[in-house]
Amino acid sequence: MLTRRIIPCLDCRDGRVVKGVRFQGLRDAGSPAELAAAYEAQGADELVLLDVSATPEGRGTQVETVRQVRAVLSIPLTVGGGVRDADSARALLEAGADKVAVNTAAVREPELLTRLAREFGCQCTVLAVDAARRAGGGWEVVVTSGRERTGLDAGEWCSRGVACGAGEILLTSWDRDGTRAGYDLDLLRAVTRAVSVPVIASGGAASPEHLCDALEAGADAVLAASIFHDAEYTVGDIKRALVARGVAVRT
Amino acid sequence: MSAAARVVVVRTGTANLASVLAGLRRAGAVPEVSDARAAIVAADRLVLPGVGAFGAAMERLIACELVDVLADRVRAGRPTLAVCLGLQLLGTGSAESPGVAGLGVLAAGATRFGAGVRVPQLGWNRVTPEPGCRLLTEGYAYFANSYRLTAAPPGWSAAWAEYDGRFVAALERGPVLACQFHPELSGAWGLALLRRWLAAADVGGGRRATGADAGRVAPC
């Protein structure tokens with residue numbers, strides 16, 4: 001049977017892994033290739049590498065970072081941050097990404113998803129969605145690292161993105177990201193109901209229980225960053241906790 | 001395996017090629033990418049990766065005049081590794097691109113997973129080989145596919161996995177190995193499989209003195 005995936009996330013800036021709350025107060029957390037190799041050894045099922053560089057110059061290091069990570073990594077690698085068109089996606093894939101994640105650019109131009117799916121396959125095309133709770137209920141899609149609200153309903157946008165060609169959703173709760181309060185399970189349920197492709201839960205994980213909760217709420221995979229970077233838990237610790245709760249994982 | 005096992009990787013598209021090359025390098029091989037007919041005829045060891053749509057990939061193989069070359073070498077049992085869509089291309093066709101004929105080496109066609117599961121299948125699934133398998137072992141492999149074979153063609157040893165019922169995870173016959181999963185993304189288990197295939201390719205009579213510079217031919 002298909003197992004649930006544990007995905008450490010490497011937020012990279014200028015070629016280094018960083019950590020912070022809602023992209024503020026970033027601190028250095030190490031070398032991408034060294035951390036990638038360490039997480040694979042711990043039993044990570046896949047890695048996500050997101051470029052959070054503030055400048056185009058910083059982002060220029062991304063392709064080289066992907067190349068270095070690929071050389072040591074024998075599990076799947078999804079890369080996002082600054083993917084604006086088919087050319088920037090191709091450069092990342094040629095450097096060693098297996099999937100590319102598109103966020104703001106897809107909201108601006110949903111047809112980008114169609115172009116990526118046609119050229120590289122839907123299994124290669126990940127729609128990254130940052131969703132914030134609305135005062136009146138429901139969730140709204142936010143872009144440009146949360147600075148801009150779009151008015152789009154998160155479930156409807158995910159559904160449209162899949163119709164355009166996305167083969168996976170990377171769903172981040174903007175309210176929970178960096179808060180250590182656990183994943184937004186209601187958001188997760190709403191989106192897994194809305195789409196037929198796999199959904200990766202992101203934002204808010206601080207304990208093995210949080211990851212269990214998300215998987216039991218319907219996530220196909222769970223993404224976390226700081227709990228791994230801070231060495232609070234290894235991927236192996238998380239998997240042992242999941243097995244104890246009867247969740248099928250690769251061991 | 002020889003110190004530097006040269007492997008020609010067929011250029012079937014962009015995506016994932018870098019991972020295939022990195023995986024082969026980690027397994028000790030020296031891969032070269034080509035879509036030149038002469039290079040593919042001469043290759044002692046050949047990898048047919050595959051991503052994207054079935055119809056587009058077949059179009060490309062036809063345009064590069066590779067259809068008969070690939071079918072012939074698999075029929076002749078020359079060392080070949082087909083990955084993901086590469087496995088499906090060896091079959092008769094796919095529900096993904098109705099009316100497009102595959103290479104026809106495998107007497108089986110690919111169909112889409114049903115509506116009861118999330119599609120594409122993305123992740124690690126348990127692979128169980130039949131007793132006749134020599135290269136494939138039990139373990140977890142990484143899959144990224146929407147289509148699959150549900151029956152094994154005669155004359156091949158199969159490994160199976162479960163997703164919307166039983167499907168073909170891989171097929172082997174001598175030094176020919178066709179994987180629905182991605183061995184290059186399947187961690188230590190996948191790396192060990194790549195090494196066994198390279199070793200079988202040496203034993204399997206694929207080595208020929210003329211193969212050394214075969215990859216340096218202009219692309220089509």
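Every chain is numbered from 1, with letters handed out A, B, ... down the list of sequences. As the structure is a prediction and not an experimental result, all values here were calculated from the model.
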Side chain, backbone, both or neither: which part of Leu191(B) has a heavy atom under 4.5 Å from chain A?
neither
On a heavy-atom basis, which atom in Asp98(A) and which in Leu185(B) lie closest, and how many Å separate them?
OD2-CD2, 3.4 Å
Chain B contacts: which residues in residues 243-251 of chain A have a non-hydrogen atom closer than 4.5 Å to it?
Val249(A), Arg250(A), Thr251(A)
Heavy-atom distances under 4.5 Å only: say whether Arg126(B) touches chain A with side chain, backbone, both or neither.
both
Taking all atoms of both residues into account, what is the closest heavy-atom pair of Thr3(A) and Tyr140(B), and its distance?
CG2-CE2, 3.6 Å
Between chain A and each of Ala161(B), Gly187(B), Gly123(B), count heavy-atom pairs under 4.5 Å; write down the option with the most.
Gly187(B)
Would you say Arg118(A)'s side chain and Ala53(B)'s backbone share a donor-acceptor pair under 3.5 angstrom?
no
Which heavy atom of Thr192(A) sits nearest to which heavy atom of Arg118(B), and what is that distance?
O-NH2, 2.8 Å
State, with a plain yes or no, whether a side-chain heavy atom of Glu46(A) is found less than 4.5 Å away from one of Leu122(B).
no
Would you say that more than 12 heavy atoms from the other residues, nucleotides or ligands in this model lie under 6.0 Å from the CD of Glu34(A), or not?
no
Which one of Pro120(B), Gly23(B), Ala188(B), Ser186(B) has the most heavy-atom pairs closer than 4.5 Å to chain A?
Pro120(B)
With chain B as the partner chain, list the residues of residues 66-86 of chain A whose heavy atoms fall under 4.5 Å from it, by residue number, and write 'none' if nothing qualifies.
Arg70(A), Ala71(A), Val72(A), Leu73(A), Ser74(A), Ile75(A), Pro76(A)
Got a second to check how far Asn145(B)'s CG is from Gln123(A)'s CD, nearest 0.5 Å?
9.0 Å
Residue, of Gly96(A), Ala221(A), Ser196(A), that accumulates the most heavy atom pairs under 4.5 Å with chain B
Ser196(A)
Which heavy atom of Cys122(A) sits nearest to which heavy atom of Ser146(B), and what is that distance?
SG-OG, 4.4 Å
